[in-house]
Trainee: 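Structure incoming, see below.
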Amino acid sequence: MSGAKGFPDDVVIVGGGFSGLSIAALLAGHGIPVTLLEAADLGFEASTRNQGWLHSGAWFAPRQVDIARMCYESWRKTVHFCPSCLEPGHTGMLFVVTDPDTDVARWTSAWEQAEIPYQQLSTERAAELLPDMDRSSFQTAFQLPDRSIRPHALLRHLADQATAHGARIHTNSRVTKLVRDDGRITSVVTSNGDEVKTSFVVVATGASQADLSHYLVTDNSCTQSLFSRVTLQTHLVAVDPQLCHQPFCLVDCDGFNHMPHWNRDDRTASVFGIDHWKVVNSLESAHSLDAEVSLIQDRVRRFFPQAQLSDQTMRSWSGTTVQAMHVEQIDPGQVPLPTVIDHAKESPCVENLLSVYPGRATLWTHLAEDAYATIVRRLEPSRSLTARPPWA
């Protein structure tokens, strides 16, 4: 596979989720030849196993205003780039206060500081939007821009953008080896027996691989990194059919939240979660924690006491994501930032390798733009970085 002038071989991207596809779309749109290799189907792991919550940043604002601003910027770019990814039937999320002692001003002042628009609603209006919910829970309610999204629609739009500009996307092509020669990766080998010559590699596998030694052919077993990689697990409960058509978040109840969705069979479902992220190891990540699932189920029954719920109508699963944080950023209370690791600065040194970690899925635009800038600076320093991405 030969590339354009200045790029004798393709940039190979390993992983076909939001991260890999958005980087592929941005590179291909600027004339850089790209081959993307996905081990299963596009979005097979974290991108389509999460809750489908497009954050405005409102939930993060009281803790991290900078992250909240980034989320709102990415929210606007996502809506501009792919309006069809939004679930129909609502225009935003209700943030509901259930405890009269909650410091409401802490939330509203943080939203104002992050420049996130919000509208306070009367409890009567909130009750109209949440008709099947226990109304005695409402103290104060606000409407914010957060949306429920269809991950598959956004993935498909990114894939279409990438292929329209010449990117080659191969599914069911698991990468088994990154071949190194004198500190550079020269080719990528797949389980199908294909070998792709490459000028640069981006590993964007998210939940499926945190350990790059799985791929790298190296005699150097001593590794040292400026980043700490953690596997985070959360739990979700789906109720079919929907209990509620309105997204909501109870800010003072462990962030108990709801996202309405239509599935591929044109059936409705309510997906519930709480703001509990557990740090787990690779073995634990394959199993759901009964206590976490029970906590969500108890909240569903508490706030929807009239619902006829059974094991058949409630389905649970765990979502897992791998994140990386710089040693100076590690703080258990902090939201992970989008991270681009340049392995030319890691040990062992690999001159033409990036690994990327999205932070929250909402921040996919920031990750793509950071990765693009790093790749272009390394491969073609004279190239202008001022061109706008398709989602700008």
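Atom set for the values below is all heavy atoms of this structure, side chains included, hydrogens, waters and symmetry mates excluded. Computed from a predicted model, the values in this text were never measured in an experiment.
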Trainee: Do Val65 and Trp111 share a hydrophobic cluster (ILVMFWY, side-chain heavy atoms under 4.5 Å, transitive)?
Mentor: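 No, because Val65 and Trp111 fall into different hydrophobic clusters, even though each may have its own neighbours under 4.5 Å.
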Trainee: When rounded to the nearest 0.5 angstrom, what distance separates CG in Leu353 from CZ in Arg184?
Mentor: 11.0 Å
Trainee: If you take all heavy atoms of Ser173 and Asn192, which pair is closest and at what distance?
Mentor: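 Here Ser173 and Asn192 meet closest at OG-ND2, 3.2 Å.
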Trainee: When rounded to the nearest 0.5 angstrom, what is the spacing between OG1 in Thr186 and CG in Asp9?
Mentor: 9.0 Å
Trainee: Could you walk me through whether Ile185 and Val12 satisfy the side-chain contact (heavy atoms from CB on, under 4.5 Å) test, starting with their C-alpha distance in whole Å, then the side-chain angles of each, then the deciding distance to 0.1 Å, before giving a yes or no?
Mentor: CA-CA 10 Å; Ile185 297 172; Val12 173; over 6 Å; no
Trainee: At what distance, to the nearest 0.5 angstrom, does CH2 of Trp75 lie from NE2 of His80?
Mentor: 12.5 Å
Trainee: Among Trp53, Phe95, Trp107, which residue meets the ring-ring contact (aromatic ring centres under 6.0 Å, His included) test with Trp59?
Mentor: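 That would be Trp107.
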Trainee: Is there a side-chain contact between Trp391 and Leu158 (heavy atoms, below 4.5 Å)?
Mentor: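 Yes, close enough: below the 4.5 Å cut-off.
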Trainee: Would you confirm whether Thr339, through its side chain, and Leu337, through its main-chain N or O, come within 3.5 Å as a donor-acceptor pair?
Mentor: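 Pair found, side chain donor or acceptor close to backbone of Leu337.
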Trainee: Which heavy atom in Ala40 sits nearest to a heavy atom in Glu38, and how many Å separate them?
Mentor: N-OE2, 2.9 Å
Trainee: Can a donor-acceptor pair be found, under 3.5 Å and without considering hydrogens, that links the side chain of Thr198 to the backbone of Phe200?
Mentor: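 Yes; at least one donor-acceptor contact below 3.5 Å.
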Trainee: Does Thr234 reach the main-chain N or O of His276 with its side chain, forming a donor-acceptor pair under 3.5 Å?
Mentor: yes
Trainee: Please determine whether the number of non-hydrogen atoms from other residues, nucleotides or ligands lying under 6.0 Å from atom NE2 of His245 exceeds 12.
Mentor: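 No, NE2 of His245 has 12 or fewer neighbouring heavy atoms, counting only those of other groups under 6.0 Å.
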Trainee: Give a yes or no on whether the backbone of Leu243 and the side-chain of Ser270 come within a donor-acceptor separation of less than 3.5 Å.
Mentor: yes
Trainee: Is any side-chain heavy atom of Val356 closer than 4.5 Å to a side-chain heavy atom of Asp370?
Mentor: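 Of all side-chain heavy-atom pairs linking Asp370 with Val356, none is under 4.5 Å.
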Trainee: Measuring from Ser56:OG to Ile116:CD1, what's the distance to the nearest 0.5 Å?
Mentor: 4.5 Å
Trainee: Taking side chain as C-beta onward, heavy atoms only, is Leu130 less than 4.5 Å from Cys244?
Mentor: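 In short, these two side chains touch, coming nearer than 4.5 Å.
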Trainee: Ignoring hydrogens and angles, tell me if any N or O in the side chain of Asp252 forms a donor-acceptor pair with the backbone of Thr98 under 3.5 Å.
Mentor: yes
Trainee: Count the heavy atoms of every other residue, nucleotide or ligand shown that sit under 6.0 Å from CD of Glu112, and state whether that count exceeds 12.
Mentor: yes
Trainee: Within the side chain of Asp101, is there an N or O that forms a donor-acceptor pair under 3.5 Å with the backbone of Asp99?
Mentor: no
Trainee: Any chance you could lay out the side-chain contact (heavy atoms from CB on, under 4.5 Å) test for Tyr372 and His30, step after step, and finish with the verdict?
Mentor: CA-CA 10 Å; Tyr372 167 78; His30 289 98; 3.5 Å; yes
Trainee: Within the distance-only criterion (no hydrogens, no angle test), does the side chain of Ser19 pair as donor or acceptor with the backbone N or O of Pro358 below 3.5 angstrom?
Mentor: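 A pair under 3.5 Å: no.
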Trainee: I need the minimum non-hydrogen distance between Phe81 and His157, along with the two atoms involved.
Mentor: O-NE2, 3.0 Å
Trainee: Taking side chain as C-beta onward, heavy atoms only, is Arg135 less than 4.5 Å from Met133?
Mentor: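 No, too far: nothing below the 4.5 Å cut-off.
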Trainee: Can you name the one residue among Phe60, Tyr72, Trp364 that meets ring-ring contact (aromatic ring centres under 6.0 Å, His included) with His55?
Mentor: Phe60
Trainee: If you compare all heavy atoms of His90 against all heavy atoms of Arg147, which two are closest, and at what distance to 0.1 Å?
Mentor: O-NH2, 3.0 Å
Trainee: Is Leu37 close to Asp194 at the side-chain level, that is, under 4.5 Å between some pair of heavy atoms?
Mentor: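 With C-beta onward as the side chain, the pair stays apart.
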Trainee: How close do Gln51 and His261 get, heavy atom to heavy atom, and via which atoms?
Mentor: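 Scanning both residues, the minimum pair turns out to be O-NE2, 2.8 Å.
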Trainee: Counting C-beta onward and ignoring hydrogens, is there a side-chain heavy-atom pair between Thr108 and Gln120 closer than 4.5 Å?
Mentor: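 With C-beta onward as the side chain, the pair stays apart.
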Trainee: So, Thr268 side chain and Pro241 main chain: donor-acceptor pair closer than 3.5 Å or not?
Mentor: no
Trainee: How long is the gap from CZ on Phe138 to CD on Glu124, to the nearest 0.5 Å?
Mentor: 11.0 Å
Trainee: Please walk me through it: do Phe304 and Phe272 pass side-chain contact (heavy atoms from CB on, under 4.5 Å)?
Mentor: CA-CA 12 Å; Phe304 293 90; Phe272 295 94; 3.8 Å; yes
Trainee: Does one side chain, of Ser74 or Thr365, offer a donor that lies under 3.5 Å from an acceptor on the other?
Mentor: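 The answer is yes; a qualifying pair exists.
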Trainee: Check the pair Ile149, Leu86 against side-chain contact (heavy atoms from CB on, under 4.5 Å), reporting the backbone distance first and the verdict last.
Mentor: CA-CA 4 Å; Ile149 68 167; Leu86 302 178; 3.8 Å; yes
Trainee: May I ask you to decide if Ser199's main-chain N or O and Asn352's side chain share a donor-acceptor pair within less than 3.5 Å?
Mentor: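 At least one qualifying donor-acceptor pair exists.
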Trainee: If we check side chain to side chain contact (heavy atoms under 4.5 Å, CB included) with Leu354, which of these qualifies: Ile375, Ile341, Ile23?
Mentor: Ile375
Trainee: Does Thr313 reach the main-chain N or O of Leu309 with its side chain, forming a donor-acceptor pair under 3.5 Å?
Mentor: no
Trainee: Can a donor-acceptor pair be found between the side chains of His343 and Ser355 at a distance below 3.5 Å?
Mentor: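 Per modelled atom types, His343 and Ser355 side chains form a pair under 3.5 Å.
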Trainee: List the atom of Val340, the atom of Ala371, and the distance in Å for their closest heavy-atom pair.
Mentor: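 Distance-wise, the nearest heavy atoms are CG2-N, 3.8 Å.
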Trainee: Quick one, Asp66 and Arg69 - any side-chain contact, counting heavy atoms below 4.5 Å?
Mentor: yes
Trainee: When you check the gap from the basic side-chain N to the acidic O, do Arg156 and Asp160 get nearer than 4.0 Å?
Mentor: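 The answer is yes: the pair qualifies as a salt bridge.
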Trainee: Under 4.5 Å between any side-chain heavy atoms of Asp275 and Asp254, yes or no?
Mentor: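 Contact flag for Asp275/Asp254 side chains = no.
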Trainee: Which distance, rounded to the nearest 0.5 Å, do you find between the CZ of Arg301 and the CE of Met314?
Mentor: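 Taking CZ in Arg301 and CE in Met314, the distance rounds to 5.0 Å.
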